[in-house]
> 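Here it is, the structure in full.
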Protein chains: 2
Amino acid sequence: MVSIKDVAALAGVSDRTVSRVVNGEGLIRPQTKKKVQKAIETLGYVPNQAARLMRTSRSSVLGLITDVVSTTPFSTDIVRGIQDTLDDTPYTLLTVNTSANPAKEQRAWQIFREHGIGGVFYVTMFHRHVSSKTEFPNAPTVLVNCSAPERALPSVVPDDYQGGLDVVRYLVEQGHRKIAYVMLNELLLAADLRGRAFFDGLAAAGIEVRKEWVVPGRVGAIFADRFVAFENARRLLSSPDRPTAIVCGNDETALQVYCAAADLGLRVPNDVSVVGFDDFQVISTGIQPPLTTMALPYRDMGALAVRMLVDIIAGRSTAESQVKYPCELIRRGSVASLK
Amino acid sequence: MVSIKDVAALAGVSDRTVSRVVNGEGLIRPQTKKKVQKAIETLGYVPNQAARLMRTSRSSVLGLITDVVSTTPFSTDIVRGIQDTLDDTPYTLLTVNTSANPAKEQRAWQIFREHGIGGVFYVTMFHRHVSSKTEFPNAPTVLVNCSAPERALPSVVPDDYQGGLDVVRYLVEQGHRKIAYVMLNELLLAADLRGRAFFDGLAAAGIEVRKEWVVPGRVGAIFADRFVAFENARRLLSSPDRPTAIVCGNDETALQVYCAAADLGLRVPNDVSVVGFDDFQVISTGIQPPLTTMALPYRDMGALAVRMLVDIIAGRSTAESQVKYPCELIRRGSVASLK
DNA sequence: TTGAAAGCGCTAACAT
DNA sequence: ATGTTAGCGCTTTCAA
């Protein structure tokens, strides 16, 4: 392995000088600098991060701890946002997946300690509160897609409530008043937030909620739940007095609603309008007509989380530390105007 | 930071002895061992991997270099297979995403060198040959979902050809003889493999290929291509003499074919059978009827890659080093029997 | 079965 | 503007 000493020897300077060049410290004669750089090039020297970490105890590695996000197709954009933004920093990612298993999570934190990592992204697949029992060892940590309300941990979550509200508002603007809702699994925080927004949105528009038009899309324990959206949407749509628009808990649900409509020979959006949630593009741009849906700002959330963590490590305090990121409606072809 | 010396002091032994206990080396009095373990517990000692690496130059970190796989929903199962299997080893993953950008890829290798990582998984989103210009620095490397035919690098790829053959065979078994094919983007290696299998499969069954029944599903440069599957499938299906079954380049394509059928008021599988490729579950189990599709063995490929790399690092030579992993047909509800 | 000494590659602190 | 010394925490080597 080529070390700083080899470079120093070749350049005819001391190792300390090489270190200064490598780290861009000032006070070096341009001529010396050039000599050193040539030697580095010649020998193909790369700094040894382990040695550096040992000496400085400042690590160039950040930890990414996920429950299932990195291995599940939905929220991968969070990780993408983190990785892309990290490219503009000197940091690299050590990733550990816990499969939502507490023993593995504890092991993950130990791994991070062993590597002396500088900070941690704690990312969850579903928007949720982290259990108050979850321990966050003393490395600086930013929660992404989850929050710890009772503790003051920095976090970035999507504004599901605002998103839900905007969906209803848009539908009402387009002239819809007979609006149904196929829910997410009730156990999810997002289900609660989006659901409340649905009710509040209708109320704000002076529209009365019809209970039989609010149906579950997915039931059972998380990770072991099953779809019922197809059947429920089919029932909704086979009634002679059917809704003109269906709000879906997410895009997967919307896909099932499309299938239910097809099964009944109904057309989207002519016979029924559909709005999704997530903008999971494999679905939203893969189906015909393409889906109007509320986009979850996953990439931006990841990018923001990086900026926050980097700031915290640098000792700069972040402007705001518990961020709710706005969602934006993506208008495509699945909503008809009734005006 | 708690070091081995703190533990040694508390246990009343030398630091060397603590090291022996931590690393499970033999020749230690059980009594001494117990003392040391108690001290470790008390102090919450964790070994410092940086120091260990510096001394031994054997790293506990492996590199994961991906083009876009880790940030794209399709082949994430490869990464899942790698991560899950790594849990049974002492290794951790340092992940770098290159966005298929050569400069970033080079930087990735440098990062790996800086960290002295022990080996690398080189994972691609699409099954392809890696360019002969790609340099693989001297760390042990296993290619996943790609191969370097002219170089003898260990690799794990899916057997797309066998998968394609089995799809056609299955359809023929079910009594289909009027079979169409909606292709993948022609630029993909998988497109070539699956396409050849389609033709060979029909030939083996004594069925003549009808050129107008082989249509593109996606056209344009990779990453900038667009779907044409919907329109093409719609055209195929609106002819009075239409195929009884459509083989799709992948599940996304199958989704478009479903939409085309729905658009024409046709039913799957009664009016037309559909087979996908990939078993991308959001689609294959999300649509109605659920999709019969050829599963890509991504998780198993990841798991195998881990075993191969671990073996190589340990100096054991792997049984076989260029593996084609078989694909398995998942029978669900989208194929009708014509017998 | 245990310990002492040395050194991996780097940078902080202090010269010069 | 550059060099010297020391030591981060660990394991290798050798000795007891």
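Reminder, nothing fancy here: chain letters follow the sequence lines and each chain counts from 1. Computed over heavy atoms, backbone and side chain alike; hydrogens, waters and symmetry mates excluded.
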> With no hydrogens and no angle check, is any side-chain donor or acceptor of A:Asn23 less than 3.5 Å from a backbone partner on A:Glu25?
no

> In this structure, are over 12 heavy atoms from other groups packed under 6.0 Å from B:Lys324 atom NZ?
no

> Test your reading of the model: is there a side-chain donor-acceptor pair from B:Thr56 to the backbone of B:Arg52, 3.5 Å cut-off?
yes

> Test salt bridge (charged side-chain N to carboxylate O under 4.0 Å, His left out) on B:Asp88 and B:Arg307 and set out the steps.
CA-CA 10 Å; B:Asp88 307 327; B:Arg307 275 177 266 125; over 6 Å; no

> With a sphere of 6.0 Å drawn around CD of A:Gln106, does it hold more than 12 non-hydrogen atoms of other residues, nucleotides or ligands?
no

> With the sugar-phosphate defined as primed atoms, P, OP1 and OP2, and the base as all remaining atoms, what B/S/- string results for nucleotides 6-16 of chain C, 5' to 3', for protein heavy atoms under 4.0 Å?
BBBBBBBB---

> With a 4.0 Å cut-off on heavy atoms, is A:Ser57 in touch with a base, just the backbone sugar-phosphate, or nothing at all?
nothing

> Do A:Ser99 side-chain atoms and A:Asn101 backbone N/O form a donor-acceptor pair below 3.5 Å?
no

> Extract, from 5' to 3' on DNA chain D, the first and final nucleotides lying under 4.0 angstrom from some heavy atom of chain B.
D:dG9 to D:dT13

> So, OP1 or OP2 of C:dT1: does either fall under 4.0 Å of a side-chain N or O from B:Thr17?
no

> If only atom types and distance count, is the side chain of A:Thr66 paired as donor or acceptor with the main-chain N or O of A:Val123 below 3.5 Å?
no

> Check the orientation of A:Phe126 and A:Phe223. Use parallel for under 30°, tilted for 30 to 60°, and perpendicular for over 60°.
tilted

